[in-house]
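Everything below concerns the one structure shown next.
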Amino acid sequence: MTNQFTDQTTAEEVADVLSNNIRGKTVLITGATIGGIGCESARVICKNHPKLVILACRKQESVQEAMDKIKAEFPNAPLRGLILDLASLKSVRKAAKEVNSYREPIDVLINNAGIMAPPYFKTEDGFEGQFGVNHLGPFEFTNLIMGRILASNTGAPRIVNVSSSVHWLCPIRYDDPGFSDGKVYNNFHAYGQSKTANILFSKELSRRYKDQGLLAFSLHPGGVQTNLLRHFDIAQVLKDGVTDWKGNAFDLTAVKWKSLEAGSATHIVAAFDPTIVDQNGSYLEDAQVHNELARPDALDEENAIKLWNFSEQLLHGKVRGITKKRSMNWAKSSLNFSQPKMNPIVAFFSFKKKV
Ligand SMILES: NC(=O)c1ccc[n+]([C@@H]2O[C@H](COP(=O)([O-])OP(=O)(O)OC[C@H]3O[C@@H](n4cnc5c(N)ncnc54)[C@H](OP(=O)(O)O)[C@@H]3O)[C@@H](O)[C@H]2O)c1
């Protein structure tokens, strides 16, 4: 154990201890809609005298509602809104341009926004929805604002990518990330793939930018009843059971539910805890570093480089810095589905599968 926090510690309790590490920082958090883990994390951060908290949501009304809620409790909270739709690269690039025009460097970026197991849809740019919103959008956004993150002068800047224990359901399907144009689409496996990507992205960020002082972590917040569960009937899914990409069943009785307050604690640890700085690139659960709880390929260095290059290829048709151009059509076509196939399996709970 690297700190005194437990699975029941609330975000507010963590922040009380880490208050000096929050004070004076500029934090950008995506997916800050009221009722979610992002908004609760932002609220707790605002209690501890940050320099600025940027709330990024896809809708203006969500930004305003979150701001109003936080301001009702902390009238002087230094808040700024940002419109960011991760299902649209145009929106991602517009938001990044706005951030790059800020006077303040970004000390902490929390890529929290996400969707879970919706019926099949494509992002504006034609990517399978969950891979697009949960990984490719944040990947592009983060890279575009990297200059403002590395410009941080409050100590090591941090990037936190919010994953899930459900990453266990599916590794990166390099040869078929789009589930054979939807013919074999499984909404929970697609979620698992995207959440595996969050861990690998953090791992590679930590390797690429460690010499420039960047810290990057991924985490599982715990099972929290939020709007994330809107796309499926949870009772039915629990009844049906869950299997991973190999067809192995998981033990549904191992669900570990948390309150919103406790489910936001690991965000605060990953973003501010000084006791984890020597574990750059790690995966956290229950407010602690728990690399042994991640699937080994999700923390594998070569796999992390592979996903980085794969993502560049999908987004730009080439790996940045490499001149040999390859068509991105192969990649896009493999991410396009035509027929949604709902086969829900439960995946949002905190099962612990031993490595
Ligand atoms: N809750 C859990 O049990 C659990 C477990 C493991 C991991 N997680 C992870 O925790 C994170 C936060 O989830 P949550 O439980 O707080 O869910 P939530 O309340 O549904 O919050 C998700 C946030 O992401 C935003 N979002 C969705 N699509 C977006 C898009 N295209 N562009 C920009 N923002 C978008 C949502 O905006 P709208 O309000 O506009 O939809 C919302 O603000 C997610 O990454 C999730 O995968 C949650």
For this session: Answer yes or no: is there a side-chain heavy-atom contact under 4.5 Å between Asn186 and Leu169?
Result: no

Exercise. Do Ser311 and His135 come close enough that some side-chain heavy atom pair is under 4.5 Å?
Worked result: yes

Exercise. Do Glu140 and His316 have side-chain N/O donor and acceptor atoms under 3.5 Å apart?
Worked result: yes

For this session: Check each of Val27, Asn280, Val277, Ile110 against Arg158 using the side-chain contact (heavy atoms from CB on, under 4.5 Å) test, and report the only one that passes.
Result: Val277

Seminar exercise, completed: dist Phe217:CZ -> Gln279:CD (nearest 0.5 Å) comes out at 7.5 Å

Exercise. What's the verdict on side chain to side chain contact (heavy atoms under 4.5 Å, CB included) for Val92 and Leu84, showing C-alpha distance, side-chain angles and the deciding distance?
Worked result: CA-CA 6 Å; Val92 166; Leu84 170 66; 4.0 Å; yes

Exercise. Does a side chain donor of either Asn111 or Thr142 reach within less than 3.5 Å of an acceptor in the other side chain?
Worked result: yes

Problem set entry | Distance-minimising heavy-atom pair for Trp168 and Pro296 | CH2-CD, 4.4 Å

Problem set entry | Side-chain donor-acceptor contact under 3.5 Å, Ser88 with Glu124 | yes

Exercise. What's the shortest heavy-atom distance between Cys170 and Thr196, and which atoms?
Worked result: O-OG1, 2.8 Å

Exercise. Could Lys203 and Glu301 be called an ion pair, given the rule that one side-chain N must be under 4.0 Å from one carboxylate O?
Worked result: no

Exercise. Any side-chain heavy atom of Phe5 sitting closer than 4.5 Å to one from Asp273?
Worked result: yes

Problem set entry | Whether Ser163 side chain and Lys195 backbone form a donor-acceptor pair below 3.5 Å | yes

Exercise. Are Gln130 and Ile115 side-chain neighbours, meaning at least one heavy-atom pair lies under 4.5 Å?
Worked result: yes

Exercise. Does the Glu13 side chain pair with the main chain of Thr10, one donor and one acceptor, at a distance under 3.5 Å?
Worked result: yes

Exercise. Which value, rounded to the nearest 0.5 Å, describes the distance between Asp125 atom CG and Leu136 atom CG?
Worked result: 9.5 Å

Exercise. Under 4.5 Å between any side-chain heavy atoms of Phe127 and Val133, yes or no?
Worked result: no

Exercise. Under the 3.5 angstrom rule, does the side chain of Thr30 hit a backbone N or O of Asn112 as a donor-acceptor pair?
Worked result: yes

Exercise. Any idea which heavy atoms bring Thr266 and Asp286 closest together, and the distance?
Worked result: OG1-N, 3.7 Å

For this session: Inspect the surroundings of CD in Glu302 and state if more than 12 heavy atoms from other residues, nucleotides or ligands are less than 6.0 Å away.
Result: no

Exercise. Out of curiosity, Leu205 CG to Lys210 NZ, how far, rounded to the nearest 0.5 Å?
Worked result: 12.0 Å

For this session: Spell out, as yes or no, whether a donor-acceptor pair under 3.5 Å connects the side chain of Thr9 to the backbone of Thr6.
Result: yes

Exercise. Is a salt bridge present between Glu12 and Lys47, judged by a nitrogen-to-oxygen distance below 4.0 Å?
Worked result: yes

Problem set entry | Closest non-hydrogen atom pair, Ser264 against Glu40 | OG-CG, 3.2 Å

For this session: Look at the rings of Phe201 and Trp308 and say which category their plane angle falls in: under 30° parallel, 30 to 60° tilted, over 60° perpendicular.
Result: tilted

Exercise. Got a donor-acceptor contact below 3.5 angstrom from the His167 side chain to the Ala294 backbone?
Worked result: no

Exercise. Which pair of heavy atoms, one from Asn134 and one from Asn198, lies closest together, and at what distance?
Worked result: O-ND2, 2.9 Å

Exercise. Does a donor on one side chain and an acceptor on the other come within less than 3.5 Å for Gln313 and Asn309?
Worked result: no

For this session: Decide yes or no on side chain to side chain contact (heavy atoms under 4.5 Å, CB included) for Asn3 and Gln288, but give the supporting numbers first.
Result: CA-CA 7 Å; Asn3 57 41; Gln288 301 286 336; 2.4 Å; yes

Exercise. Is His267 reaching over with its side chain to a backbone N or O of Ala42, donor-acceptor style, under 3.5 angstrom?
Worked result: no

For this session: State, to 0.1 Å, how close Ile199 and Ala298 come at their nearest heavy-atom pair, and which atoms those are.
Result: CG2-O, 3.2 Å

Exercise. How long is the gap from CD1 on Ile29 to OG on Ser41, to the nearest 0.5 Å?
Worked result: 4.5 Å

Exercise. Looking at Lys51, Arg80, Arg148, which one forms a salt bridge (charged side-chain N to carboxylate O under 4.0 Å, His left out) with Glu104?
Worked result: Arg80

For this session: May I ask you to decide if Asp176's main-chain N or O and Arg173's side chain share a donor-acceptor pair within less than 3.5 Å?
Result: yes

Exercise. Is it true that the side chains of Ser91 and Asp85 contain a donor and an acceptor less than 3.5 Å apart?
Worked result: no

For this session: Apply the test side chain to side chain contact (heavy atoms under 4.5 Å, CB included) to residues Ile70 and Val53: give CA-CA distance (whole Å), side-chain angles for both, the deciding distance (0.1 Å), then the verdict.
Result: CA-CA 11 Å; Ile70 294 171; Val53 175; over 6 Å; no

Problem set entry | Sub-4.5 Å side-chain heavy-atom contact between His231 and Pro119 | yes

For this session: Please check if the side chain of Asp107 supplies one atom and the backbone of Thr26 the other of a donor-acceptor pair under 3.5 Å.
Result: yes

Problem set entry | Verify same cluster id: Phe310, Leu86 (apolar side-chain graph, 4.5 Å) | yes

Problem set entry | Under 3.5 Å donor-acceptor, Gln8 side chain and Ala262 backbone | no

For this session: For Asn100 and Leu144, indicate whether the former's side chain and the latter's backbone hold a donor-acceptor pair under 3.5 Å.
Result: yes

Exercise. Would you say the side chain of Gln193 lies within less than 4.5 Å of the side chain of Pro177, judging by non-hydrogen atoms?
Worked result: yes

Exercise. Heavy-atom count around Lys97 NZ within 6.0 Å, excluding the residue itself: above 12?
Worked result: no

Problem set entry | pair Phe141-Leu28: side-chain heavy atoms closer than 4.5 Å | yes

Seminar exercise, completed: The single option from Ile54, Leu82, Ile145, Ile83 that satisfies side-chain contact (heavy atoms from CB on, under 4.5 Å) with Glu98 is Leu82

Exercise. Quick one: do the Ser202 and Asn161 side chains pair a donor with an acceptor below 3.5 Å?
Worked result: yes

Exercise. Roughly how far, to the nearest 0.5 Å, is CG of Leu79 from SG of Cys46?
Worked result: 4.5 Å

Problem set entry | Lys306 and Asp300 ion-paired at < 4.0 Å | no

Exercise. When rounded to the nearest 0.5 angstrom, what is the spacing between CE in Met67 and CD1 in Ile34?
Worked result: 12.0 Å

